[in-house]
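In what follows, a single structure is set out as structure tokens and then discussed.
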Amino acid sequence: QSTSPTRRGALIVVEGLDRAGKSSQCEMLRDSLSRQGHVVKYIRFPDRTTPIGKLIDSYLRGSSHQDDHSIHLLFSANRWEIAKSIEEDIANGTTVIVDRYSYSGVVYSAAKANPTLSLEWAWRPEIGLPRPDICLFLSISPEEAAKRGGFGAERYENGEMQTRVRELFQTIFEKQQDVSIIDAGKSIEEVSQEIRGVVADCIARLDVAGALRKLG
Ligand code: 2DT
Ligand code: MG
């Protein structure tokens with residue numbers, strides 16, 4: 001055979017609270033990896049463009065009401081409807097950067113303190129989705145977040161919810177493998193440089209990491 005098999009892409013997830021700088025950092029990482037010759041896609045969840053995503057968007061903007069469990073499952077379904085295309089991209093050598101994933105999914109839902117919506121319950125529908133090769137958690141203090149501007153108008157954008165979300169992110173990332181906690185209170189350039197380093201290590205390990213795995 002004259003053709004060598006394509007090296008698979010990496011699945012890189014960026015998580016964090018609102019105003020941690022996720023979107024800017026995802027864009028900078030995409031541009032940096034592209035300049036190095038990688039084929040890169042940047043996607044975000046929720047993907048508000050699909051039919052399920054439109055229901056989620058209307059819920060987040062406060063235009064509609066949903067039962068806590070029901071909206072949780074819609075957020076998860078929104079990942080499942082994209083999962084196959086992520087797997088195909090990775091197999092074809094495209095590196096996929098994902099802005100929010102299952103970790104936001106379980107943490108925001110469990111933060112509602114609904115007695116029948118535990119972290120464990122919330123994780124179940126995530127099982128079997130593509131497992132990130134690395135999850136970068138952009139950690140920012142409430143003080144620094146406040147300096148970056150007030151809350152937006154969407155559901156969840158309030159102090160009480162953000163405090164619970166912060167605690168639950170800590171809880172789940174203690175147990176999670178392949179998580180890198182980044183101090184996102186530093187300058188944009190410093191944070192970006194740290195992310196580039198972590199991602200370079202992750203990409204260098206892809207051959208030994210084997211095929212893309214699934215969340216368990
Ligand atoms: P953005 O501000 O990033 O658009 O997110 N969320 C997100 C959930 O509750 N469950 C999920 O599965 C995901 C991906 C986090 C909008 C809000 O949606 C929350 C903030
Ligand atoms: Mg937001």
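Quick note: residue numbers are just sequence positions, from 1.
Between the side chains of S58 and S64, at least one donor-acceptor pair of N or O atoms lies under 3.5 Å. A donor atom on one side chain and an acceptor atom on the other are not found under 3.5 Å apart for E167 and T163. Defined by atom type and a distance below 3.5 Å, a donor-acceptor pair is missing between the side-chain atoms of Y59 and K54. No donor-acceptor contact under 3.5 angstrom links the side chains of S34 and R30, judged on distance only. Under the 3.5 Å distance criterion, with hydrogens and angles disregarded, no donor-acceptor pair is assigned to the side chains of S70 and D68.
The minimum heavy-atom distance linking R7 with L206 is given by the pair NH2-CB, 3.9 Å. P125 and L73 make their closest contact through CG-CD2, 3.8 Å (heavy atoms, listed as atom of the first residue, atom of the second, distance). The heavy-atom pair separating E194 from I181 by the smallest distance is OE2-O, 4.3 Å. Of all heavy-atom pairs spanning I195 and Q25, the tightest one is CD1-OE1, 3.7 Å. Closest of all the heavy-atom pairs between E157 and Q162 is CA-NE2, 4.1 Å. Of all heavy-atom pairs spanning W123 and S102, the tightest one is CZ3-CB, 4.0 Å.
Under the 4.5 Å side-chain criterion, counting only non-hydrogen atoms from C-beta, F137 is not in contact with I182. Contact annotation: the side chain of I127 approaches that of R124 to within less than 4.5 Å [non-hydrogen atoms, C-beta and beyond]. A 4.5 Å side-chain heavy-atom check between S76 and E126 finds at least one atom pair inside the cut-off. Residues I52 and E81 are in side-chain contact: their nearest non-hydrogen atoms beyond the backbone lie under 4.5 Å apart. Looking only at side-chain heavy atoms (C-beta outward), D47 and I43 stay at 4.5 Å or farther from each other. Contact of the H69 side chain with the T116 side chain is registered, since non-hydrogen atoms from C-beta on lie closer than 4.5 Å. Counting heavy atoms from C-beta outward, V14 and L138 have side chains that approach closer than 4.5 Å.
Relative orientation of the F169 and F173 rings is parallel, given thresholds of 30° and 60° on the angle between their planes.
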Item checked: Candidate pair K214 and E87, rule salt bridge (Lys or Arg N to Asp or Glu O under 4.0 Å), full reasoning -> CA-CA 10 Å; K214 294 183 188 301; E87 284 171 354; 3.0 Å; yes
Notebook entry, point to check: Can you list the steps and then say if L74 with N78 is a side chain to side chain contact (heavy atoms under 4.5 Å, CB included)?
Noted result: CA-CA 6 Å; L74 288 175; N78 187 229; over 6 Å; no
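Ion pair R61/E154 not flagged as a salt bridge, since none of the NZ, NE, NH1 or NH2 atoms sits closer than 4.0 Å to an Asp/Glu carboxylate oxygen. At a threshold of 4.0 Å, the pair R213-D178 counts as salt-bridged, since one of the basic side-chain nitrogens sits closer than that to a carboxylate oxygen. Of the charged side-chain nitrogens involved, none lies within less than 4.0 Å of a carboxylate oxygen, so that R19 and E143 do not count as a salt-bridged pair. A salt bridge links R196 with E189: the closest approach of a Lys/Arg side-chain nitrogen to an acidic carboxylate oxygen falls below 4.0 angstrom. A salt bridge is absent between R35 and D31; no separation between the charged side-chain nitrogens and carboxylate oxygens falls under 4.0 Å. Salt-bridge check for E144 with R148: passed, with a basic side-chain N closer than 4.0 Å to an acidic carboxylate O.
Ring to ring, F75 and F45 are not that close: their centroids are 6.0 angstrom or more apart.
I188 and I12 fall into different hydrophobic clusters, where Ile, Leu, Val, Met, Phe, Trp and Tyr residues are linked whenever their side-chain heavy atoms come under 4.5 Å apart, directly or through other members. Linking Ile, Leu, Val, Met, Phe, Trp and Tyr residues whenever their side-chain heavy atoms come within less than 4.5 Å leaves I86 and V39 in two separate clusters.
Evaluation of the side-chain hydrogen bond (donor to acceptor under 3.5 Å, both in side chains) rule for E160 yields R164 as partners, not counting sequence neighbours.
Of the candidates D207, T95, D133, D89, R8 forms a side-chain hydrogen bond (donor to acceptor under 3.5 Å, both in side chains) with just one, namely D133.
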